[in-house]
Amino acid sequence: MPSNKAEIAWVPLESNPEVMNEFIHNLKVSKVWSFTDIWGLDDDLLQMVPQPCVSLLLLFPITPGYEKFRIEESNRLTESGQHISDEVYFMKQTIRNACGSIAVLHSLANTADKVEILDGPLKEFLDKTQSLSPSERAKVLETSGEIAQAHQVTAQSGQTQAPDAEDDVDLHFISFIERDGEIYELDGRKPFPINHGKCDSLLKDGAKLIKNFMERDPDLLQFTVIGLAPSQDF
C-alpha cells in the first residue's frame with residue numbers, strides 16, 4: 001500500500017469486512033450500511049450480494065507488471081483526456097499505508113446521497129473538503145486526528161497481527177463507484193479518477209474490471225473484493 005511520500009505513516013487496514021465496519025461505524029456512518037465479502041465474480045455469486053451494492057473495494061498485489069501498466073495508463077489518459085463528472089469526489093494518497101482508509105473514504109464520499117453519514121468526524125471532514133482539490137483533501141486528512149485515531153484503533157483489531165506503520169506493504173486498496181451512469185476507479189496513487197465508461201450494474205461491470213486486474217497477474221492469489229451494501233441485520 002505505498003504512497004508517494006512517507007513523512008506520515010499509518011498501520012495498514014486488514015482486508016476484513018468486520019474491520020472496515022468498525023472503522024466506518026466509529027466514524028458515524030449509519031449501521032444500516034456495512035461492508036460485506038464478495039466471494040466470487042461470476043453472476044451466480046454476485047447475486048448473493050445484498051442490494052443495492054453501491055461501492056466495491058479491491059485489494060490487489062502491486063507488481064512490476066502492474067506498475068508498468070499504471071504508468072502507461074496515466075500517460076495515455078493525460079495525453080488523450082477523459083470525461084470526469086464534477087460529482088466524483090477524489091483525493092490523493094500522501095499517507096503511507098493509508099490506502100485502505102482512503103478507499104473507504106472514496107466509497108463513502110461518492111455514495112453520501114445513498115448512505116447516511118451522521119454528525120461526526122467523517123461528515124465534518126467531507127463538508128470541509130468538498131470544494132477542495134484532490135491534493136488539498138489529502139493535506140486535510142494528514143491533520144485529521146479523529147480519522148487517524150479511528151483508523152489506528154481498527155487497524156489493530158484485525159484477525160492477523162498488524163504490520164508496523166513503516167513496513168513496506170505490496171498490497172493496495174482501490175474503490176469502484178458509479179456516478180452519472182459511468183463507473184469510476186478511484187486510486188489515490190493515480191493522478192486522477194479513471195472513467196471506465198457506461199455502468200449498467202456496479203457489481204457486474206466492476207467484476208469485469210476486477211477480472212482485468214487478476215488477468216494481469218494470473219499466478220497471484222492476493223485479491224480480495226468487498227462491497228458496501230445494506231446490512232443484513234436491518
Side-chain angles (χ1 to χ4, degrees), residues 1-5 41 46 53-96 98-114 126 129-141 170-220 222-228:
M1 306 176 188
S3 68
N4 294 326
K5 65 178 186 176
L41 301 176
L46 294 178
C53 180
V54 297
S55 174
L56 298 173
L57 300 186
L58 170 65
L59 179 71
F60 66 98
I62 293 179
T63 63
Y66 173 75
E67 289 295 83
K68 180 175 182 292
F69 168 82
R70 179 177 66 87
I71 293 169
E72 290 175 348
E73 177 189 55
S74 294
N75 290 341
R76 172 175 55 82
L77 291 175
T78 297
E79 182 175 344
S80 66
Q82 59 174 335
H83 168 72
I84 302 295
S85 168
D86 291 337
E87 299 299 316
V88 173
Y89 181 105
F90 177 71
M91 64 187 297
K92 298 298 294 295
Q93 179 184 342
T94 57
I95 301 172
R96 186 182 182 86
C99 62
S101 285
I102 289 174
V104 169
L105 294 177
H106 275 148
S107 294
L108 295 169
N110 286 287
T111 58
D113 56 333
K114 306 177 184 72
L126 294 179
T129 60
Q130 191 63 47
S131 61
L132 301 182
S133 71
S135 294
E136 290 169 336
R137 290 165 177 164
K139 287 289 186 185
V140 176
L141 184 62
D170 61 357
L171 297 174
H172 185 58
F173 277 105
I174 61 175
S175 62
F176 295 92
I177 58 98
E178 178 273 333
R179 217 61 174 153
D180 295 342
E182 296 178 309
I183 186 168
Y184 288 89
E185 173 191 336
L186 304 177
D187 179 349
R189 295 180 71 229
K190 295 186 175 182
F192 34 65
I194 308 297
N195 184 339
H196 286 288
K198 184 180 179 182
C199 182
D200 295 315
S201 163
L202 178 67
L203 267 180
K204 292 184 178 181
D205 293 323
K208 293 176 184 176
L209 296 173
I210 291 168
K211 287 178 180 178
N212 292 337
F213 280 77
M214 295 178 172
E215 288 167 0
R216 277 192 287 269
D217 290 291
D219 297 329
L220 300 180
Q222 305 108 308
F223 294 90
T224 303
V225 185
I226 295 172
L228 179 61

Peer 1: With heavy-atom distances below 4.5 Å as the criterion, would you say the side chains of T129 and Y89 are in contact?
Peer 2: yes

Peer 1: Out of curiosity, T224 OG1 to L57 CG, how far, rounded to the nearest 0.5 Å?
Peer 2: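 Between atom OG1 of T224 and atom CG of L57 there are 10.5 Å.
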
Peer 1: Is any side-chain heavy atom of S55 less than 4.5 Å from a side-chain heavy atom of N110?
Peer 2: no

Peer 1: What is the minimum heavy-atom distance between C99 and Q93, and which atoms define it?
Peer 2: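 Nearest pair, atom of C99 first, then Q93: CB-OE1, 3.4 Å.
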
Peer 1: Against the six-membered ring of F60, is R216 placed for a cation-pi contact (under 6.0 Å from the centre, within 45° of the normal)?
Peer 2: no

Peer 1: Would you say the side chain of P61 lies within less than 4.5 Å of the side chain of D170, judging by non-hydrogen atoms?
Peer 2: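 Heavy-atom side-chain distance check fails, nothing below 4.5 Å.
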
Peer 1: So, for E178 and G181, which heavy atoms are closest and what is the spacing to 0.1 Å?
Peer 2: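 Smallest heavy-atom distance, with atoms named: OE2-N, 2.7 Å.
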
Peer 1: Considering only NZ, NE, NH1 and NH2 on the basic side and carboxylate oxygens on the acidic side, decide whether E136 and K139 come within less than 4.0 Å.
Peer 2: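 Not counted as a salt bridge, because no side-chain N and carboxylate O are separated by less than 4.0 Å.
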
Peer 1: Taking side chain as C-beta onward, heavy atoms only, is H106 less than 4.5 Å from I102?
Peer 2: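 Result yes, sub-4.5 Å side-chain heavy-atom pair found.
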
Peer 1: Can you sort out the partners of S85 under side chain to side chain donor-acceptor pair (under 3.5 Å), two or more places apart, ordered by chain and number?
Peer 2: D180

Peer 1: Compile the donor-acceptor pairs under 3.5 Å between side chains in residues 198-211 and protein atoms, sequence neighbours left out, one pair per line.
Peer 2:
from: S201; atom 1: OG; to: K204; atom 2: N; distance (Å): 3.2
from: D205; atom 1: OD2; to: D200; atom 2: N; distance (Å): 2.7
from: D205; atom 1: OD2; to: S201; atom 2: N; distance (Å): 3.1

Peer 1: Could you grab the distance from atom CD1 of I62 to atom CZ of R70, nearest 0.5 Å is fine?
Peer 2: 7.5 Å

Peer 1: Rounded to the nearest 0.5 Å, how far apart are CZ of F176 and CD1 of I183?
Peer 2: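 Rounded to the nearest 0.5 Å, the CZ-CD1 separation comes out at 6.5 Å.
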
Peer 1: Are the aromatic ring centres of Y184 and F90 under 6.0 angstrom apart?
Peer 2: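 No.
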
Peer 1: Is the closest side-chain heavy-atom distance between L141 and L105 below 4.5 Å?
Peer 2: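 When only atoms from C-beta onward are counted, L105 and L141 do touch, with a gap below 4.5 Å.
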
Peer 1: Search all heavy atoms of N195 against all heavy atoms of H83 and return the closest pair with its distance.
Peer 2: ND2-O, 2.8 Å

Peer 1: For the CE atom of M91 and the CG atom of L132, what is their distance to the nearest 0.5 Å?
Peer 2: 10.0 Å

Peer 1: Nearest 0.5 Å, please: how far is CD1 in I177 from CD in E182?
Peer 2: 10.0 Å

Peer 1: Looking at every non-hydrogen atom in both residues, tell me the closest pair between G227 and L56 and how far apart they are.
Peer 2: CA-CD2, 4.2 Å

Peer 1: What closest approach, in Å, do E87 and R179 show between heavy atoms, and which atom pair accounts for it?
Peer 2: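 The answer is O-NE, 3.3 Å.
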
Peer 1: About how many Å separate NE2 of H172 and CZ of F213, when rounded to the nearest 0.5 Å?
Peer 2: 8.5 Å

Peer 1: Do M214 and L41 come within less than 4.5 Å of each other through their side chains, counting heavy atoms only?
Peer 2: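 Result yes, sub-4.5 Å side-chain heavy-atom pair found.
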
Peer 1: Looking only at non-hydrogen atoms, find the nearest pair between S107 and S175 and report the distance.
Peer 2: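 Shortest heavy-atom contact: OG-CB, 3.6 Å.
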
Peer 1: Which residues pass the ring pair (Phe, Tyr, Trp, His ring centres under 6.0 Å) test with F192, sequence neighbours left out?
Peer 2: none

Peer 1: Is the closest side-chain heavy-atom distance between L186 and V88 below 4.5 Å?
Peer 2: yes

